[in-house]
Amino acid sequence: MNRRLGFLIALAALAACQRQPEPAVYSGMMLTPPRGKPDFTFTSTTGAPYQFRKETDGRVTLLFFGYTYCPDVCPMHMANISAVLKKLDYADRQRVRVVFVTTDPDRDTPQRLRSWLDQIDTSIVGVAGPMEQINALQQSLGLGPAKPEAAPAGSPPGAYGVAHAAVVLAFTPDDSLRVVYPFGVRQQDWAKDIPVLLRVKARG
Amino acid sequence: MTWWCSARGLPWDGTWQAYPGVWLFAILVGALCWLVRPRGADAPPPWWKRAALPAGVVLLWITLDWPVGPVGAGYLVSVHSAQFLMLAMVVPPLVLLGLDRSAVDAALQRRQGLYRVVSALTRPLFAIVAFAVTMVLTHLPVVVDSLMASQLGAFALDVAWLASGLLFWWPVIVRVPARAHFPPLMQMLYLFFGTQPHLYIAMWLLSADFPAYATYELAPRIIALSAITDQQIAGALMLGFGATYVLGAITVLFFRWTSSQRDDSAALHDA
């Protein structure tokens, strides 16, 4: 009898061990402790105010600062995220928001921003605001401010580039900034990480 | 100094760039083959034999130089796979068709050491294994991503394709030294089985859920083509063109073989 009881206890202990959540391993840089989600309001491409914290509450949110004339990092990041989102099942897809904040509000008009994003994914939210506020927001998130730079060779006269952070900030459903994804993160990394980010429980 | 096309990670600006290494390489290949070109002591060689070598060298140059070279090295995997098809499947047979068998034989007979090396390297079993291993290794993501990032690495990859292609096609086209145990039927099977690995690679590229190569996935886009569509085009090219091309080559061998069989029967009947 005692032997059987011991076996059951051991089995229960083993099951309890197995129920413990696996430590999350992300392809990006994990922030410990996680940071809070900023509360800012910019203007969306429809012209309506976009309250970031309210609109993305309880969702996995991928926040990126870039501009539509960017020749490399911005379209690549957006296209890779979009490609993976399209492979998620519908329910999970509804729990992810991608927000693109332009760092070139002078040239990225709402129409241009919407048109550019629509070529990649119509579900990506595009927002713009005054440059000072965008830079203040970036600095509050630990990113350097965006600033104009010389255009790449072969660009038309008058063209310019914008130096900006090339990272994607990932907020989990509990409204925490948990992971920073640098340039170089691939679709297979997003496909592995987004479901893990989705598993973080939202605040009750 | 830029001498060979590699992945630079910079946005494509369409500016012409000189690749002197490519020019020297194409000239070197052309010059080597020129030494053993068909001369036709009795009758002039047929036009296709005279045209094959220049066509092969020009195709080699176009495949490696701007704009195909840099686009294939660092932007589009579909162009990279087209380069593979040219360097491993099209250029080698053209160059080898342009050689004069008797001149090659005579040149090798004069240098016994070289003869032994060529004989060993072009042994069908060795050539088919070398070709297959090269195909598989040079399509592994870790190998492609490592090599394409540097000029030397990209050069090594291009040369590996060309060299393994020359070895693979040599026993079927040049046939020096002559191998009695490698009749036309065996040659057809050799071509069929030798090109199987790249068909499987093509199917893998076609069916993969995500882009296989970081080099092309993270490259600045030069046309409105997603990384996965680009990869699927690469797979389709390898599968469609590769399979058609090999079946074409096998068909040519088959008809050449049946024609020679008929000639032999006729000669026997006459006798």
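A note on names: the letters A, B, ... follow the listed sequences, proteins ahead of strands, and every chain is numbered from 1.
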As an exercise: rank B/P211, B/S226, B/G14 by heavy-atom pairs under 4.5 Å with chain A and give me the winner. B/P211

Proximal component of A/V185, with respect to chain B [non-hydrogen, under 4.5 Å]: backbone

Aromatic rings B/Y245 and B/F241: how do their planes relate, parallel, tilted or perpendicular, breaks at 30° and 60°? parallel

Does the side chain of A/T56 come under 3.5 Å of the side chain of A/R97 through a donor N or O and an acceptor N or O? no

So for B/A208, is it side chain, backbone, both, or neither that comes closer than 4.5 Å to the heavy atoms of chain A? neither

Donor-acceptor pair between A/D104 and A/Y160 side chains, under 3.5 angstrom: yes

Can any side-chain N or O of B/D145 pair as donor or acceptor with the backbone N or O of B/A214 at less than 3.5 Å? yes

